[in-house]
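Chain naming here is simple, since letters A, B, ... match the order of the sequence lines and numbering starts at 1 in each. What you see is a predicted model; the values in this text were computed from it and never measured.
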Amino acid sequence: MTALKSDFMQTMTERGFVHQCSDLEGLDARFASGPVTGYIGFDATAKSLHVGSLMQIMALRWMQKTGHRPIALMGGGTTRIGDPSFKDEARKLLTDEQIDDNLAGIRRVFDRYLAFGDGPTGAIMTNNALWLNELRYIDFLRDVGRHFSVNRMLSFDSVKLRLDREQSLSFLEFNYMILQAYDFVELHQRHGCILQMGGSDQWGNIINGVDLGHRMLDAQFYALTTPLLTTASGQKMGKTAAGAVWLNADMLSPYEFWQYWRNTEDADVGRFLKLFTELPLAEIERLAALGGAEINDAKKVLATEVTALAHGRAAAEEAAETARKTFEEGALADALPTTEVPAAELSAGIGVLALFVRAGLVASNGEARRQVKGGGLRVNDAAVTDERATLGPSDLVDGVIKLSLGRKKHVLVRPARGP
RNA sequence: GGAGGGGUGCCCGAGUGGUUAAAGGGGACGGACUGUAAAUCCGUUGGCUUAGCCUACGUUGGUUCGAAUCCAACCCCCUCCA
């Protein structure tokens with residue numbers, strides 16, 4: 001491979017961000033010759049982004065760090081349609097209120113990773129609802145639609161799954177890729193954007209935008225995709241028992257976020273350090289080379305660094321300390337997730353099962369019962385054997401009752417002063 | 001509009017009148033082993049006031065002592081025809 005000239009492309013390549021690129025050398029040359037504006041689109045399908053988007057966020061961050069201008073494009077318009085790429089069935093349509101709500105949450109995530117501003121490398125956040133909602137149908141078809149071949153659109157892998165499974169692909173969804181392509185053109189005209197990045201599942205959509213730039217504006221656009229991230233054992237990233245690993249603290253606490261990274265598989269440590277932290281490569285190599293139980297130190301560094309980016313250094317260190325106390329000393333760390341129970345209720349006695357449900361460790365009494373049978377529940381580190389047991393003030397240790405599910409999940413129950 | 005096929009638990013998928021809360025697999029969770037890892041093995045996997053009761057096989061009715069299984073209407077999806 002030819003040596004890359006630009007810091008950005010060099011970094012992306014050696015840290016493992018690059019999956020496919022429409023023109024690696026051409027893009028590298030553009031990055032080497034001055035500030036480049038590039039964007040990534042984010043759908044507003046949830047109130048926060050999760051680790052599945054973290055690689056894209058880091059890519060934007062690196063752009064800014066290496067002297068370029070990143071654009072985070074909110075899909076306020078396209079989310080009203082729903083991206084069919086590689087989906088086996090249509091997504092439920094969200095209402096406009098839900099979308100606006102989601103956008104507000106996502107915005108807070110980006111504030112932590114990008115510096116927004118007007119300077120040449122100031123990040124921009126915009127929303128494609130700005131132009132998509134105003135489109136006039138016939139004009140749009142004539143200006144943009146004529147550049148698309150249905151034959152070609154049907155040939156994309158991203159829609160193959162749907163067609164092969166004989167699931168309906170509605171005309172609404174089919175338009176998604178056209179609108180995404182058009183976003184690229186708009187961003188070029190508004191901000192001089194010439195690059196779109198995204199996950200590998202976005203390749204088809206992105207390349208459509210590159211083509212459209214050619215045809216409508218005779219402009220040279222570039223596409224760069226990141227690999228689909230799976231763990232070494234082949235699982236999709238970002239799922240835990242509780243659901244997705246969110247980047248917003250109000251949806252997943254920094255402590256739980258830290259725990260997620262702490263439990264990384266051995267084989268993934270090096271890869272994740274490169275993608276999700278900004279530690280120098282030499283340091284990463286050293287950490288990833290640790291063998292046996294020592295690799296746990298590398299995992300702690302990983303967890304703390306990633307958490308520091310998402311929630312701030314202080315929160316990351318607190319999470320690390322909480323974990324240290326809990327797991328290494330077996331001590332009570334009072335920063336563990338906490339559930340409050342009115343003191344009066346506690347005095348009256350609460351059933352163990354109910355309390356575990358209250359704490360959110362299990363979904364129902366039934367599940368709690370099953371866990372008791374399997375030996376998975378503990379109160380103050382003693383296994384629960386009697387599902388009918390009740391807990392009261394006498395179970396408080398240092399003012400709290402510690403509930404555990406398995407060896408890793410702990411919640412503290414605190415009596416709350418009654419009214 | 002016509003003809004045919006189909007809609008089952010988190011997902012895939014069996015089941016065509018009765019021990020069917022529904023085989024099997026995947027995923028997930030717990031246990032053992034470890035290093036808060038992986039692999040492996042074991043268990044669990046609708047809810048509840050759990051020897052019982054309730055809810056569940058697209059929806060709503062019907063037949064029957066008894067239905068996911070039979071009938072009718074409706075909704076949705078697929079294929080072919082117009």
Remember a base hit wins even if backbone is also touched, and classify [X] as base, sugar-phosphate or nothing at under 4.0 Å, heavy atoms.
X	answer
A:Lys373	nothing
A:Gln259	base
A:Ile295	base

Give me the residues of residues 312-332 of chain A where at least one heavy atom lies under 4.0 Å from an atom of RNA chain B, by number, or none.
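The stretch gives A:Ala323, A:Phe327 as the residues lying under 4.0 Å from the strand, ordered by number.
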Does the side chain of [X] come under 3.5 Å of the side chain of [Y] through a donor N or O and an acceptor N or O?
X	Y	value
A:Asn263	A:Lys299	no
A:Glu256	A:Ser253	yes
A:Gln98	A:Asp101	no
A:Thr226	A:His19	no
A:Arg152	A:Asn208	no

Electrostatic pair [X]-[Y], nearest N-O below 4.0 angstrom:
X	Y	result
A:Arg271	A:Asp268	yes
A:Glu186	A:Arg190	yes
A:Arg370	A:Glu367	no

Heavy-atom protein contacts under 4.0 Å, nucleotides 45-56 of chain B, coded B base, S sugar-phosphate only, - none
SSSSSB------
Given RNA chain B, 5'-ward residue of the pair A:Gly375 and A:Trp258, judged by closest heavy atom:
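Nearer the 5' end of the strand: A:Gly375.
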Using heavy-atom distances to pick each residue's nearest nucleotide on RNA chain B, tell me which of A:Gly376 and A:Gly291 is more 5'.
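With A:Gly291 and A:Gly376 compared, the 5'-side residue is A:Gly376.
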Looking only at atom [atom1], what distance separates [N] and [M], rounded to whole Å?
N	M	atom1	value
B:G46	B:U20	P	15 Å
B:A14	B:C29	C1'	25 Å
B:A32	B:G24	P	26 Å
B:G13	B:G7	P	10 Å
B:A56	B:U8	C1'	10 Å
B:G58	B:G43	C1'	34 Å

Count the heavy atoms of every other residue, nucleotide or ligand shown that sit under 6.0 Å from CG of A:Asp398, and state whether that count exceeds 12.
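Not buried by this count: 12 neighbours or fewer within 6.0 Å.
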Classify the ring geometry of A:His50 against A:Trp246: parallel below 30°, tilted from 30° to 60°, perpendicular beyond 60°.
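A:His50 vs A:Trp246 ring planes: perpendicular.
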Ring geometry between A:Trp261 and A:Phe276 (parallel below 30°, tilted from 30 to 60°, perpendicular above 60°):
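Because their plane-to-plane angle lies in the 30° to 60° range, the rings of A:Phe276 and A:Trp261 count as tilted.
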Ranges pairing with ranges for RNA chain B, where each run has three or more Watson-Crick or G-U pairs under 3.5 Å:
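Paired runs of 3+ in RNA chain B: B:1-7 with B:75-81, B:10-12 with B:24-26, B:27-32 with B:40-45, B:46-48 with B:52-54, B:58-62 with B:70-74.
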Find every protein N or O atom lying less than 3.5 Å from an N or O atom of nucleotides 21-23 of chain B, and list the pairs.
none

I'd like to check A:Thr126 versus A:Met74 (side-chain heavy atoms, cut-off strictly below 4.5 Å). Are they in contact?
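No. Closest side-chain heavy atoms not under 4.5 Å.
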Would you please confirm or rule out a distance under 4.0 Å between OP1 or OP2 of B:G30 and any side-chain N or O of A:Lys409?
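For B:G30, OP1/OP2 do have a side-chain N/O of A:Lys409 under 4.0 Å.
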Show which side-chain atoms of residues 303-312 of chain A pair as donor or acceptor with protein atoms under 3.5 Å away, not counting sequence neighbours.
residue, atom, partner, partner atom, Å
A:Thr304, OG1, A:Trp258, NE1, 3.0
A:Thr304, OG1, A:Lys300, O, 2.9
A:Glu305, OE1, A:Arg313, NH2, 3.3
A:Glu305, OE2, A:Arg313, NH1, 3.0
A:Thr307, OG1, A:Ala303, O, 2.6

Give the table of side-chain donor-acceptor pairs shorter than 3.5 Å for residues 382-392 of chain A, with sequence neighbours excluded, one pair per line with atom names and distance.
residue, atom, partner, partner atom, Å
A:Asp386, OD1, A:Arg388, N, 2.9
A:Glu387, OE2, A:Arg369, NE, 3.0

